[in-house]
Amino acid sequence: MQGLTMDYQLTLPALLKRAEDLFGKREIVTRLPDKSFHRYTYKDFVRRSKKLAIALGELGLEKGDRVATLAWNQYQHLEAYFGVPSAGLVIHTINPRLKGHEISYILNHADDKVLLIDETMAPLLAGFKDDVNLERILVFSASGDAPEGLQSYEDFIEGADESKFEYPTLDENDAAALCYTSGTTGRPKGALYSHRCLCIHSLLVSMPDAFGISIKDTVLPVVPMFHVNAWGIPFAATMIGCKQVMPGPHMDPESLLDALEREKVNFTAGVPTIWLGILQILDKDPDKYDLSNLHAMGVGGSAAPEAMIRGFEERHGLHIIHAWGMTEMAPVGTAGYLTPDLLEEPEDVQYKYRAKQGIQLPFVEVRARGDEGFVEWDGNAMGELEVRGPTVASSYYESPEGADKFTDDGWFRTGDVVSIDPRGYVEIRDRDKDLVKSGGEWISSVDLENSLMGHEAVAEAAVIAIPHPKWDERPLAVVVLKEGKNATPDELREHLETSFAKWQLPDAFEFVDEIPRTATGKFLKRALREQFEGYELAT
Ligand code: ADP
């Protein structure tokens, strides 16, 4: 017998309609390139999103055609987040930190028809424009100006008559947004999200046990809108009717702190590198910024070190929510909140748990596969994490490469090596290719890095495997010291000895000025491995 409930379609236009009906007066604030603030209301946002949908419709594009963006977190980009899918098209966000040939590869692979680009990013065009087949390039600028030879977005939408806009009837399984993986593990591959996926994800991340955002909140996504939809925050915040603050191109710690204070932000989110920078500033001058309104900071993308979680909480009263996810999951999969039984445990235990990646969100299922089948949830046994759920990719967009990431029984292989403890907390121990395999045992590079970053002289640390004649591989720690601080390899080894067995300790420590990063701000271990190729370890 079937249930008697409506087959209502979960689509982004339904969220736009909700914003129109309910949140007209709520505010959206953007820091412009000249550092001034642009302010408008949801009413303006909805009106302009509709104009964009109408103007795109008049171009004669076909349903499902892709419209690319190269843009910071700003209000026009938000209009594209809703206006493009509300025209039955697919918004395809591209990371501007990629090289020209990578951008052209992605634009060509996705067969994008239109590109919306920030005025400040227009110089990037020279690196790929001649290699792609775009029908139109439209420039986002607050002034409405565009560089010579290009059309401005403001001109493009100006003539569109929003009264012609009708909320479309879409299938919730229609494609709404496209993001490519950053290619840390091969060619970039497209994750194509349906409307349903993005709507469910919005509900999941807003829950009190995830990012916990409500209409009373002001949110500032630091994580870029070109990186997995800013973790879905713009969709979720619009669904809820939060005041939204967009940092524009000003992603340096001082500008962010200034915006957090000035706009009385309650929730913000970004990768650990951003927060490490912010923590250093706050530690230097704890009273400089009033962050008393900030109730939580979401951190993910790479592991949030325990020392950082503690540092914010103990020294500044700021609460970090550690989350894990991936492009292929839209992206959030787990969140590191504490269950009631853990709240009764000593503080040390609580911090250990908060540094894990957390518990699966509803409908996201997890399992870990080791060499001999699925591993026990005992907190020790390591295996590759597999996931499934309504926000998880079922295949890559037009790509035979990567087909092996999807199991025959319908799960996605994440490439992350984890242990899962009896309470269900997932802990990322490594990425498959980053594990150090020493004498048949696995050493977690992430565990060593986190512990090193807990040393008071260490700003950043990355651990890589170096080939070893006897043990196969041994760990090398590459360390960036904090300004004005010093530590010797022996001191760092001593520090690690309190939490690691002798055989797990790095064989060597190298001090560098900086660690190469990916376009999304993660340590680029591939480049480090190249840099230290042929490195001789004492045997
Ligand atoms: P890419 O795969 O190109 O690096 P993603 O942004 O999709 O791009 O990154 C997903 C990966 O980032 C995960 O598979 C995991 O390795 C890592 N990651 C994300 N969040 C965390 C976290 N909280 N702790 C540790 N690793 C994380």
Side-chain angles (χ1 to χ4, degrees), residues 2-23 42 45-46 49-50 52-54 56-57 61-67 69 78-93 110 165-180 190-207 210-211 213 225 228-241 325-333 360-365 387-398 406 410-412:
Q2 296 255 295
L4 296 172
T5 39
M6 290 184 186
D7 189 16
Y8 180 87
Q9 301 297 293
L10 308 182
T11 65
L12 295 177
L15 299 187
L16 190 66
K17 171 94 172 45
R18 177 179 166 80
E20 175 171 34
D21 290 345
L22 300 174
F23 310 134
Y42 272 54
F45 151 70
V46 173
S49 302
K50 287 180 173 180
L52 173 60
I54 291 291
L56 287 170
L61 300 179
E62 288 182 19
K63 194 173 168 208
D65 275 349
R66 271 76 58 209
V67 174
T69 65
L78 187 68
E79 291 160 14
Y81 260 46
F82 283 88
V84 173
S86 294
L89 305 169
V90 175
I91 175 162
H92 171 199
T93 51
F165 180 84
E166 282 177 29
Y167 282 98
T169 310
L170 297 173
D171 183 324
E172 63 180 12
N173 290 309
D174 284 345
L178 176 64
C179 291
Y180 277 69
L192 184 59
Y193 314 113
S194 65
H195 284 261
R196 172 184 153 86
C197 157
L198 297 175
C199 289
I200 293 177
H201 187 270
S202 301
L203 293 167
L204 295 182
V205 290
S206 324
M207 292 194 332
F211 291 157
I213 49 177
M225 288 168 77
V228 219
N229 306 324
W231 299 345
I233 294 168
F235 293 125
T238 305
M239 172 186 79
I240 289 170
M326 354 184 23
T327 305
E328 293 87 339
M329 299 184 74
V332 184
Q360 63 217 70
L361 298 182
F363 307 121
V364 175
E365 290 185 58
V387 294
R388 67 172 178 180
T391 59
V392 183
S394 55
S395 65
Y396 288 112
Y397 176 65
E398 302 271 339
F406 301 89
W411 292 64
F412 172 70

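Please read all numbers here as calculations on a predicted model, not as lab measurements. Values reported hereafter were calculated over all heavy atoms of this structure, with side chains retained and with hydrogens, waters and symmetry mates removed.
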I'd like to know whether CZ of Phe363 has more than 12 heavy-atom contacts from other residues, nucleotides or ligands below 6.0 angstrom.
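No, not enclosed.
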
Within 6.0 Å of CD in Glu166, more than 12 heavy atoms from elsewhere:
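At most 12 heavy atoms, drawn from other residues, nucleotides or ligands, come within 6.0 Å of this atom.
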
Between Glu172 and Tyr8, is there a side-chain donor-acceptor contact under 3.5 Å, judged purely by atom types and distance?
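There is no such pair between these side chains.
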
Kindly determine whether His92 and Tyr397 satisfy side-chain contact (heavy atoms from CB on, under 4.5 Å), including the steps that lead there.
CA-CA 12 Å; His92 171 199; Tyr397 176 65; over 6 Å; no

Would you say Arg18's side chain and Met239's backbone share a donor-acceptor pair under 3.5 angstrom?
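Present.
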
With ring-ring contact (aromatic ring centres under 6.0 Å, His included) as the test, pick out the partner of Phe82 among Tyr167, Tyr42, Phe235.
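Testing Phe82 for a ring-ring contact (aromatic ring centres under 6.0 Å, His included) against Tyr167, Tyr42, Phe235 leaves exactly one candidate, Phe235.
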
Apply the test side-chain contact (heavy atoms from CB on, under 4.5 Å) to residues Leu78 and Thr238: give CA-CA distance (whole Å), side-chain angles for both, the deciding distance (0.1 Å), then the verdict.
CA-CA 9 Å; Leu78 187 68; Thr238 305; 4.2 Å; yes

Please evaluate residues Leu16 and Val46 with respect to the criterion side-chain contact (heavy atoms from CB on, under 4.5 Å), reporting the C-alpha separation (whole Å), side-chain torsions for both, the decisive distance (0.1 Å), and the verdict.
CA-CA 7 Å; Leu16 190 66; Val46 173; 4.2 Å; yes

Trp411 side, atom CH2; Ser394 side, atom OG - distance, nearest 0.5 Å:
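Atom-to-atom, Trp411:CH2 and Ser394:OG are 15.0 Å apart.
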
Distance check, rounded to the nearest 0.5 Å: Gln2 atom CD versus Asp7 atom CG?
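The CD atom of Gln2 sits 9.5 Å away from the CG atom of Asp7.
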
Ring centers of Tyr396, Phe406 separated by less than 6.0 Å
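Between Tyr396 and Phe406, the centre distance is under 6.0 Å.
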
Check the pair Tyr81, Asn229 against side-chain contact (heavy atoms from CB on, under 4.5 Å), reporting the backbone distance first and the verdict last.
CA-CA 9 Å; Tyr81 260 46; Asn229 306 324; 3.8 Å; yes

